[in-house]
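Inspection log for the structure reproduced underneath, given as C-alpha cells.
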Amino acid sequence: MPKVTFIHGDGTRLKIEASVGETVLELAHEYGVDLEGACEGSMACSTCHVIVDEGFFDLLEAPSEDEEDMLDLAFGLSLTSRLGCQIVITDVLDGIVLRVPAGSRNALLG
Ligand code: FES
C-alpha cells in the first residue's frame, strides 16, 4: 500500500497507508486531516489545496484547465500546488509528502 505523509500547518506529520484509487481528499477525511474539501471534489472551492513534495510533483497527471483556474484562487499557492480532490493515489506515489497550507480560501463563499 502506498504511504502518504501529510504535514499540517503547525508542522506535525501524519504518515498513513493509502489505498490505490482513492483521492488525497478522501484519504485526508478518512484520517481526520484538516483539509476541508467544501465542494466534495467538484472543483469549485480550492479548500482541498495541498502542496506536493517536489520529487513527486512531476509524477502526477497534469492538472486540467479547471483545476488550474481553481488553484489560482487558492490560499498560499506554490509552484507545486494541486487540488487534493484531483490527486488519485497510485503505487508510483508511494512515499509522497503533502503539505496542508495553514489557511484556505473557499471560492464558493467568495
Ligand atoms: Fe473543492 Fe477539491 S474539494 S476543489
Side-chain angles (χ1 to χ4, degrees):
M1 286 170 110
K3 295 188 183 45
V4 176
T5 300
F6 286 98
I7 304 178
H8 299 103
D10 64 2
T12 55
R13 286 171 172 255
L14 177 69
K15 190 171 184 177
I16 47 195
E17 292 196 340
S19 303
V20 168
E22 67 183 335
T23 66
V24 164
L25 181 63
E26 287 165 346
L27 191 63
H29 283 175
E30 207 176 311
Y31 286 89
V33 175
D34 190 17
L35 200 63
E36 190 181 342
C39 77
E40 293 173 1
S42 54
M43 277 199 281
C45 73
S46 86
T47 60
C48 62
H49 169 215
V50 290
I51 298 168
V52 180
D53 187 51
E54 268 178 45
F56 285 91
F57 186 74
D58 290 340
L59 299 176
L60 302 176
E61 299 257 327
S64 65
E65 228 171 90
D66 285 347
E67 181 178 351
E68 285 186 343
D69 287 350
M70 217 16 84
L71 278 170
D72 284 342
L73 304 173
F75 177 86
L77 188 68
S78 90
L79 285 174
T80 61
S81 289
R82 291 296 301 261
L83 294 181
C85 65
Q86 301 302 305
I87 301 175
V88 177
I89 301 296
T90 62
D91 283 323
V92 180
L93 299 182
D94 184 30
I96 193 170
V97 179
L98 302 162
R99 234 159 8 97
V100 179
S104 69
R105 183 182 299 143
N106 188 345
L108 285 175
L109 301 176

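In listed order, ligands and their atoms are each counted from 1. Hydrogens, waters and symmetry mates play no part in the numbers below; they use all other heavy atoms, side chains included.
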Exercise. For atom 1 (Fe) of ligand 1, which protein N/O/S atoms are closer than 2.8 Å?
Worked result: C39 SG, C45 SG
Exercise. Which side-chain hydrogen bond (donor to acceptor under 3.5 Å, both in side chains) pairs, counting each pair once, include a residue from residues 52-66, with sequence neighbours left out?
Worked result: none
Problem set entry | CZ on R82 to NE2 on H49, rounded to 0.5 Å | 11.0 Å
For this session: Evaluate the side-chain proximity of V20 to D91: yes if any heavy-atom separation is below 4.5 Å, no if none is.
Result: yes
Exercise. Among T80, V52, V92, V88, whose side-chain contact (heavy atoms from CB on, under 4.5 Å) with L60 holds?
Worked result: V52
Problem set entry | For E26, all residues meeting salt bridge (charged side-chain N to carboxylate O under 4.0 Å, His left out), sequence neighbours excluded | none
Seminar exercise, completed: Besides I7, the hydrophobic cluster formed by Ile, Leu, Val, Met, Phe, Trp and Tyr side chains linked at under 4.5 Å, directly or via other members, contains V97
